[in-house]
Asker: 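The structure that follows is given in the form of structure tokens.
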Amino acid sequence: MARIVMKFGGTSVASIDRIRHAARHVKREVDAGNQVAVVVSAMAGKTNELVGWCRDAASMHDAREYDAVVASGEQVTAGLMSIVLQDMGIQSRSYAGWQVPIHTDDTHGSARITGVDPDNLDGRLTGGWVPVVTGFQGVSGKGRITTLGRGGSDTSAVAVAAAVKADRCDIYTDVDGVYTTDPRIAPKARRLSRISFEEMLEMASLGAKVLQTRSVELAMAQGVRLVVRSSFDDPEAPDAEGSEWGQTGTLVCDEDEIMEKQIVSGVTLAKAEAKITLRKVEDRPGIAAAVFGPLADAHIVVDMIVQNISEDGKSTDITFTIPDGEFDKAISVLRNAPGLTYESISGSKGGAKISVIGVGMRSHAGVASSMFRALADKGINIQLITTSEIKTSVLIEEEYAELAVRALHTYYGLDKAGD
Ligand code: ASP
Ligand code: MG
């Protein structure tokens with residue numbers, strides 16, 4: 001017997017039929033003798049609609065009332081899921097965030113979970129009930145409804161799993177796992193059976209939009225094992241031989257649980273990256289702060305940063321990347337930045353950042369150099385390079401992005417067998 005949290009995303013509960021289908025996955029686990037708590041998102045598109053209604057009502061609206069409105073989508077699905085489960089003969093009841101309670105701070109619209117009270121859920125689970133919890137929402141110390149930020153129900157599920165000490169947290173979505181790269185770009189991409197938390201964090205923040213980044217951080221901190229899997233699978237399919245959770249899916253877990261460590265586990269692509277270069281910036285303490293402080297104040301998120309060693313001890317060049325959409329704003333912020341002098345400012349939009357990710361990089365020399373070689377072989381020019389312990393990223397021209405991803409995918413032996 002295991003204790004499992006099953007989370008269903010918007011597309012998995014998009015209609016009554018889809019909810020019934022999801023409920024059959026729940027029934028399978030219950031029938032197998034497991035204790036199950038369910039966490040649900042709003043039906044696909046619902047949260048967008050609710051957000052739109054708030055904007056239509058008043059462009060400047062009270063964030064507390066915004067949360068009261070947008071949290072309602074999850075309440076609908078939780079109730080519907082419980083009705084459907086009851087109809088299948090399963091004892092179930094719904095819980096809104098405040099009923100659990102899931103405590104948060106009072107940053108309305110992007111609240112942080114401060115604690116989940118396990119007692120109510122624990123009692124239900126032990127008694128053989130299936131509690132269905134609303135994702136995305138909680139209650140502040142002031143007793144107001146809060147929401148966790150878009151995509152936040154993944155984080156709710158992980159927090160609930162940690163609170164009830166679940167053996168795993170299954171995230172049901174519309175893809176059957178985490179892939180080595182985007183299969184639409186590289187048809188030879190394959191599903192990873194396991195990936196470490198750290199690699200997943202890099203994948204999530206680099207645009208592999210399977211899990212909310214914050215949910216992975218929380219899972220890593222709390223040691224909650226996640227399985228990313230598809231609700232579109234046949235709920236009654238027999239368990240695959242030797243697999244803990246049957247069927248397909250990707251386990252996101254601690255590095256120690258991964259026996260066959262690959263040097264590179266994935267290749268990611270982020271398009272629409274602009275680069276800006278400041279030439280002959282004064283070389284003195286405080287200059288980087290003078291460049292990046294005003295950009296941060298303007299809420300412009302800077303990604304890659306490269307600063308040269310000064311040749312003459314007086315001036316240096318700084319290049320960095322930002323999203324294309326922030327390009328004009330960034331240029332004007334820098335033109336008006338106090339105490340910043342430079343010879344020229346230049347830049348361009350339309351770059352692509354390609355990253356190779358893998359915990360194996362920590363112990364293997366030469367991953368970066370082999371990446372540069374693989375790109376050179378395709379005649380692709382590298383504009384910027386940054387590295388971290390488990391990641392090497394390059395900025396290249398957008399038109400070569402797909403070619404680069406496919407080349408690296410093949411180069412690191414990630415292509416699926418038989419192709
Ligand atoms: N319904 C919320 C959203 O669309 C939360 C979630 O689905 O994770 O952002
Ligand atoms: Mg989601």
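Note that ligands are numbered from 1 as they come in the structure, with each ligand's atoms numbered from 1 the same way.
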Asker: Strictly under 4.0 Å, does any heavy atom of G9 approach an atom of ligand 1?
Answerer: no
Asker: Taking distance alone, with N or O pairs closer than 3.5 Å, would you say S153 contacts ligand 1?
Answerer: yes
Asker: Would you mind checking if K46 and E49 are paired as a salt bridge, meaning a charged N to carboxylate O distance below 4.0 Å?
Answerer: yes
Asker: Is G151 in polar range of ligand 1, meaning some N or O pair under 3.5 Å apart?
Answerer: yes
Asker: Please determine which of V224, V359, V252 meets the side-chain contact (heavy atoms from CB on, under 4.5 Å) test together with F197.
Answerer: V252
Asker: Below the 3.5 angstrom mark, is there an N/O of E74, backbone or side chain, next to an N/O of ligand 1?
Answerer: yes
Asker: What distance do T387 atom OG1 and K391 atom NZ have between them, rounded to the nearest 0.5 Å?
Answerer: 9.5 Å
Asker: Hey, are D167 and R3 close enough for a salt bridge, meaning a charged N less than 4.0 Å from a carboxylate O?
Answerer: no
Asker: Quick check on contacts: which atoms of ligand 1 are under 4.0 angstrom from a heavy atom of R150?
Answerer: 3 (C), 4 (O), 9 (O)
Asker: Go through ligand 1 atom by atom and flag the ones less than 4.0 Å from a non-hydrogen atom of S41.
Answerer: 6 (C), 7 (O), 8 (O)
Asker: Is R93 close enough and on-axis enough to Y95, meaning under 6.0 Å and within 45°, for cation-pi?
Answerer: yes
Asker: Which atoms of ligand 1 have any heavy atom of T47 under 4.0 Å away?
Answerer: 1 (N), 2 (C), 3 (C), 4 (O)
Asker: Is the centre of the Y172 ring less than 6.0 Å from the centre of the F232 ring?
Answerer: no
Asker: Is it true that G10 lies under 4.0 Å from ligand 1, counting heavy atoms only?
Answerer: no
